[in-house]
Each structure stands twice: as C-alpha cells, then as structure tokens.
Engineer: 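Got a structure for you, questions after.
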There are 2 protein chains.
Amino acid sequence: MPGAISAGADRPRQIVAAALRILEREGPEALTMRRLATAVGIRAPSLYKHFADKAEVEQALIAEGLAELGGLVGSWSGERGGDFGRIARGYRRFALERPHLYRLMTERPLDRERLPAGVEERGVAPLVALLGTRDRARAAWAFAHGMVQLELAGRFPPDADLDAAWEVGIGAFAATAGV
Amino acid sequence: MPGAISAGADRPRQIVAAALRILEREGPEALTMRRLATAVGIRAPSLYKHFADKAEVEQALIAEGLAELGGLVGSWSGERGGDFGRIARGYRRFALERPHLYRLMTERPLDRERLPAGVEERGVAPLVALLGTRDRARAAWAFAHGMVQLELAGRFPPDADLDAAWEVGIGAFAATAGV
DNA sequence: GTCTATAGTGGGATAGAC
DNA sequence: GTCTATCCCACTATAGAC
C-alpha cells in the first residue's frame, strides 16, 4: 500500500513534539538543531529532510501554540457570553504554564502566510463578541499580554500583589463593555 | 593636573554611547563586542579593560534607558496631577522611537542590585499618585507595556486602529481612578 | 590602556554515500 | 531517510607583550 500510514514513524510530528519539550523544559537557547536531533534519536542533518530550516520548526511550534490557546479561549467563553475575567485568568494560567512557548508565540512578527487559516481569528472572536468592539478587545488583550509578559520577565517587585493587579484590569475592561 | 578631565577620552561613556547607537540602528544581534570595539576605534579585547563583560555593558544601557524614561514620565505628570493619557501617549512615543532599547529594558529580569538607587521608583511614583493605588498603577502599566510590545512585535493586524485601542485603555484606567 | 594572537565554544547548514 | 564528514561562521573571553 503506497499511502499506508506508519503511525509510529511520523517524523515531522515527532520532531515538533520533541522541540516543544526542549523549549519548555530548557528554554529557547537550548532549542538547537543538534539538540533536537538527539532528542528524536537521529543526527542533525537528517532534520533537514523534514524541515527546510530551523525557522520552519519554530513556525510549527508557534502554529501549534496559537491553535491550542485559541481553542482554550473558545472553551472559556462558552456558547454565548462567558465573562472577560474567566478568559483573562485562563490566559494567564496558560502563559505561566508554558512561558517559553508563550514568548515564542508573541515576541516576533506573526507569519500569517504560513499560519493555518482561521487560527488567529478563532482566538480573537470570543473577546470581540464579549467586549463589543475590536478596539476594546485589542486593549484588553494588550493588558493581559502586558501583565503576563512583565510577570514572566520578573519585572514586578517581588512583593507585588499580582492577583490584585489582574482584578483591577479585569474590572476596568469589563466596565468598558458596560457589564 | 592629576584629576584633569580629558573630555574626548572618556572611554566608558564613549563605549556606552556607541553601544546605544548600534543597538538602536541595527538591533540586539548586531551588538557584539567586536562590533562595539570597531565603532569606538579599538579592538575587542580592550573593551574588557573598561567593562567586566558584555552583560555589564548591557546593564549600563538598561540603566540609562530607565533613567531617561523615568525622567520623561516625571515631566509628563507635572507637579501634581497631569493625566494618565498624557503619560501613556508619551510612553508609547518613547518606545516607538527606541524600540530596541525599550525591549532590552523590559524583556529580562531587572538587576536591581546594580541599578542606581531610585531610578525604578522615580518612574513608578507619578503613576501611583495619579491612579491612587499600586495595583491600579501596575495594571495600567501592563496595559501600556502590552500595547507597545504587541505593536513593536508587529502582532496587531495591519489595518488595526491602534490609536483607538490606546484611547479605550486610557479611558478604562482613568475611570478606575474615578477621573 | 592598547595591541596581537588565540583559545574555546557553539551554532546552522550542505555534500555525497548508502 | 539516514548517515559521516565537514564547512563556515560568529561569538565571548583570556594571555601576555608593549
């Protein structure tokens, strides 16, 4: 059978999965082609049979992260409604659980060409529906992203009450939507 | 005269100034010790007579950036009062004018030990005074930082009306302070 | 305080055989 | 699709002469 699926040997998937593990456990500097190959059990040059270059591997990680986060946002917002606080707190949890992936996903320009269609919009839509306008959704997203980014970068003073700061922002944006 | 100032030969200052130029014009990857030395007109190893290592040079850039931004925030907030919108818009302008310095300043943990005393607090105080609590100030800062970060990273859609998003956030946080 | 020389490390990527 | 061998690059940092 020509098109037979050898399930255990889906190299591209294996590679992406390994890359994700390395990234999350050891940070972005640890994600090298050599290291990645070792994790998969092959030699570095063989990776280039599956991905054109390192950027393509990273792009796959970004796409995966965005799809996952988008799905979560959808699940938190429920059928119609849900509330901004729930989304914001979930967003924070995701970022704190996968800090390196989150940073990779957000710190560089998004290559929309190579991104599966709809991934971006699917994450944005619930927030727009909830807050009423795209401008409000963008401002609220920026707040959440800024909180996460500053928390991940260790920029708040050690004694800062971040839960309280989150609630202030959540309240502020919920209010703009007249809730 | 032993303590005479040879104005043209203040190497440490020269080095920091050159580093700032390279960083802003060519980005963080371009800031290497070789490149920096060339810009100053010496060889790379000579830099180590003035700075222990590269991290020390970067620390100097961060301190300079924070001091400058802190001074600006103070000037925007005036004697008593001023408004959050003015600070936020100025903050955005600073970040857009010096994107690479801004990112260097904010994307890694702050080494408070090696930072001149008061630099951090001087930037924060006006915002706390204006908004009433530290939690509100932190949330508002996160909003501004998030907007800037997403804008610099090219993460908003090309047609997004960022001015409008800024005004939404500014309004939301001004409202929390009861203004 | 500057130089030359160089150590030591690590990275991305390609050629060509099997 | 995997391998071995290797290129080529760039970086930080040190040693030791002047």
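Protein chains get the first letters and strands the later ones, always in sequence-line order, with residue 1 at the start of each.
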Engineer: Is the phosphate of D:dC11 approached by B:R34 (side-chain N or O, under 4.0 Å from OP1 or OP2)?
Structural biologist: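 For D:dC11, OP1/OP2 do have a side-chain N/O of B:R34 under 4.0 Å.
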Engineer: To the nearest Å, give me how far apart CG (A:L36) and P (C:dG11) are.
Structural biologist: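 Whole-Å distance recorded here is 12 Å.
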Engineer: Just how far, in rounded Å, is C1' of C:dG12 from CD of A:E58?
Structural biologist: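 So the CD-C1' distance, A:E58 to C:dG12, works out to 12 Å.
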Engineer: What pairs of nitrogen or oxygen atoms, one from the protein and one from nucleotides 1-5 of chain D, lie under 3.5 Å apart?
Structural biologist:
| unit_1 | atom_1 | unit_2 | atom_2 | d |
| --- | --- | --- | --- | --- |
| D:dT2 | OP1 | A:R11 | NE | 2.7 |
| D:dT2 | OP1 | A:R11 | NH2 | 3.1 |
| D:dT2 | OP2 | A:H50 | NE2 | 2.7 |
| D:dC3 | OP2 | A:R43 | N | 2.6 |
| D:dC3 | OP2 | A:S46 | OG | 3.0 |
| D:dT4 | OP2 | A:R43 | NE | 3.2 |

Engineer: Could you tell me the separation between the CE atom of A:M33 and the P atom of C:dG12, rounded to a whole number of Å?
Structural biologist: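 Spelled out: CE on A:M33 to P on C:dG12 is 7 Å.
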Engineer: Less than 4.0 angstrom from a charged side-chain N to a carboxylate O is my criterion; do A:D163 and A:R92 meet it?
Structural biologist: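 Yes, A:D163 and A:R92 are salt-bridged.
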Engineer: Is the shortest distance from a Lys or Arg side-chain nitrogen in B:R155 or A:E107 to a carboxylate oxygen in the other one below 4.0 Å?
Structural biologist: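 Result for this pair is no, no salt bridge flagged.
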Engineer: Between A:E29 and A:A52, who's closer to the 5' end of DNA chain C by nearest nucleotide?
Structural biologist: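 Counting from the 5' end, the first nearest nucleotide belongs to A:E29.
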Engineer: With a 3.5 Å cut-off and sequence neighbours excluded, list the donor-acceptor pairs that the side chains of residues 126-141 of chain A form with protein atoms.
Structural biologist:
| unit_1 | atom_1 | unit_2 | atom_2 | d |
| --- | --- | --- | --- | --- |
| A:T133 | OG1 | A:R136 | N | 3.0 |
| A:R134 | NH2 | A:E121 | OE2 | 3.1 |
| A:R136 | NE | A:L131 | O | 2.6 |
| A:R136 | NH1 | A:T176 | O | 3.3 |
| A:R136 | NH2 | A:L131 | O | 3.1 |
| A:W141 | NE1 | A:Y91 | OH | 2.9 |

Engineer: Looking at A:R13 and A:E64, is any side-chain nitrogen of the basic one under 4.0 Å from a carboxylate oxygen of the acidic one?
Structural biologist: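 A salt bridge is absent here (no side-chain N lies under 4.0 Å from a carboxylate O).
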Engineer: How long is the straight-line distance from CZ of A:F173 back to CZ of A:F143, given to the nearest 0.5 Å?
Structural biologist: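 With rounding to 0.5 Å, CZ (A:F143) is 7.0 Å from CZ (A:F173).
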Engineer: Provide, to the nearest angstrom, the distance between the NZ atom belonging to A:K54 and the P atom belonging to C:dT14.
Structural biologist: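 Going from A:K54 (NZ) to C:dT14 (P), I get 15 Å.
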Engineer: Salt-bridge test for A:E26 and A:R21: reply yes if a basic N is under 4.0 Å from a carboxylate O, no otherwise.
Structural biologist: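 A salt bridge is absent here (no side-chain N lies under 4.0 Å from a carboxylate O).
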